[in-house]
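Presented below is the structure to which this report refers.
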Amino acid sequence: MACNVSFNARTAQKAQMLLSRRIIIRKLDPRSVRVVAGVDASYIVNRGRELGVGVAVALDAKPPFRAKACSVYIGEVCVPYIPGLLAFRELAVMAPALSKIVNLIDLIIVDGHGISHPRRFGIASHIGVIYGKPSIGVAKKKLIGREKNIDDLTVVVNDAGEPVAAVLKKGGQRLYVSPGHLVDLPSAIAIVESLTRNKLPEPTLRADSISKAIRSILKGVAPLGASEVLAPCEFRIKASLEEASVILQRLRQLGLKASMG
DNA sequence: GCGACAG
DNA sequence: ATCTTGTCGC
């Protein structure tokens, strides 16, 4: 028996329309951001079932962006990817991970959009509202709106004529930065700039490398340096008994802290 | 009907 | 996101 969870796209859209009214857009002083969270989700297909890996890492907002805590949740995902409804898929595994470290952080950087969304409620806004924390969406591709140049800044404008994102060029990468919750566009731009050294913000990079390392381990390969990258992480696995046991064993073999539930 | 379409 | 070979550039 797999995927006992059902998903209704129309209901999900209604939820977004209701929840979007809770978004607060306002200035956020970058100096008030001391610890920031990076989140990520990856997937792996196993006998027709889809396992999701949710990662949440807390790091200093200043170089060298030292990791202070990390939580990983592994469980089955029963929601498909539908453009505009990404949050319902990713949150299934990201929320259990983020909940473990949310008390430590001042802001969340999310892969995906914030208010630059058909219903003004992308995954970054969703996470921000649910946790009552400032959040910023940083996406690699545009979801909605048209781009418009204002002086030397490129912004994304929605159908209502409202600027909902800015385009940052980082090492050949286009980054769509949009407010999620408790932050405005100028603040979001300044904060993302301060967190970006390479092509992506450091929190995203860190969550991504953790996610990739876990993925390799689950596929039976132990990447060099995996133990170091995953050292700050605690793991929780929710799966069938035999499946969870195998995963648990592999992680513990590498000296990692893993449990079930 | 057609194009667009985060991860 | 994931799959997947060779290839371009630092």
Side-chain angles (χ1 to χ4, degrees), chain A residues 7 9 12-13 15-16 19-20 23 37-56 72-95 97-98 108-129 135-147 155-159 164-168 170-181 185 188 192 197-201 203-221 223:
Chain A
F7 178 71
Q13 290 184 359
Q16 290 180 326
L19 287 169
S20 68
I23 295 175
V39 292
D40 190 39
S42 61
Y43 306 87
I44 191 165
V45 177
N46 206 328
R47 295 178 214 135
R49 285 155 34 94
E50 187 172 34
L51 275 188
V53 179
V55 176
V72 177
Y73 179 84
I74 300 171
E76 186 173 11
V77 174
C78 302
V79 180
Y81 167 66
I82 299 172
L85 300 177
L86 174 67
F88 294 91
R89 172 174 169 81
E90 308 255 90
L91 249 28
V93 286
M94 255 167 47
L98 183 53
I108 307 162
I109 299 290
V110 184
D111 280 306
H113 288 92
I115 62 173
S116 47
H117 177 275
R119 288 164 293 279
R120 240 171 151 279
F121 202 68
I123 185 168
S125 297
H126 201 136
I127 291 177
V129 167
S135 63
I136 298 172
V138 179
K140 295 182 285 293
K141 296 176 184 174
K142 187 173 64 175
L143 177 59
I144 57 105
R146 58 186 182 82
E147 296 185 19
V155 297
V156 175
V157 179
N158 65 13
D159 290 345
V164 287
V167 184
L168 267 43
K170 287 293 174 183
Q173 249 299 314
R174 295 168 68 75
L175 296 182
Y176 292 85
V177 177
S178 64
H181 184 49
L185 189 51
V192 170
R197 294 188 296 191
N198 300 311
K199 295 188 173 191
L200 292 170
T204 301
L205 244 31
R206 205 67 62 87
D208 201 65
S209 74
I210 289 169
S211 177
K212 282 186 166 64
I214 295 166
R215 196 160 195 296
S216 299
I217 291 172
L218 261 48
K219 292 182 75 173
V221 189

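Note on naming: letters A, B, ... go to the chains in the order of the sequence lines (proteins, then strands), and numbering restarts at 1 for each one. Everything quoted here is computed from the prediction, not taken from an experiment.
- Here K219(A) lies in heavy-atom contact (under 4.0 Å) with sugar-phosphate atoms only.
- The separation between R215(A) atom CZ and dA1(C) atom C1' is 8 Å, rounded to whole Å.
- Rounded to an integer number of Å, the gap from CZ of R89(A) to P of dT2(C) is 9 Å.
- Of the candidate nucleotides dC3(C), dT2(C), dG7(B), dG7(B) has the atom nearest to the side chain of E90(A).
- Out of dA6(B), dA1(C), dC3(C), the shortest distance to the side chain of Y43(A) is found at dA1(C).
- Residue contacts shown for I144(A) are absent, as no nucleic acid heavy atom lies under 4.0 Å away.
- Atom CD in Q13(A) sits about 15 Å away from atom P in dA6(B), given to the nearest Å.
- Residue G137(A) is classed as having no contact, given no heavy-atom separation below 4.0 Å to the nucleic acid.
- Remark: P of dG7(B) and NZ of K140(A) are 5 Å apart, rounded to the nearest angstrom.
- What separates NZ of K199(A) from C1' of dG9(C) is a distance of 11 Å, to the nearest Å.
- Note on Y176(A): every side-chain N or O is 4.0 Å or more away from OP1 and OP2 of dA6(B).
- The closest donor-acceptor contact from the side chain of S178(A) to the backbone of G114(A) lies under 3.5 Å.
- Looking at heavy-atom distances under 4.0 Å, L175(A) makes no contact with the nucleic acid at all.
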Verdict with reasoning, K142(A) to V167(A), per side-chain contact (heavy atoms from CB on, under 4.5 Å): CA-CA 9 Å; K142(A) 187 173 64 175; V167(A) 184; over 6 Å; no

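- Note: CG (D40(A)) to P (dA1(C)) measures 7 Å, nearest angstrom.
- Closest to the side chain of K141(A), out of dT2(C), dA6(B), dC3(C), is dA6(B).
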Audit row: I144(A), H113(A), side-chain contact (heavy atoms from CB on, under 4.5 Å) steps and yes/no: CA-CA 10 Å; I144(A) 57 105; H113(A) 288 92; over 6 Å; no

Chi angles and distances behind the side-chain contact (heavy atoms from CB on, under 4.5 Å) call for Y43(A), L51(A): CA-CA 6 Å; Y43(A) 306 87; L51(A) 275 188; over 6 Å; no

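- Computed from coordinates, the D159(A) CG to dA4(B) P distance equals 16 Å when rounded to whole Å.
- Distance check: F88(A) CZ to Q13(A) CD gives 9.0 Å after rounding to the nearest 0.5 Å.
- Rounded to an integer number of Å, the gap from NE2 of H117(A) to C1' of dG7(B) is 12 Å.
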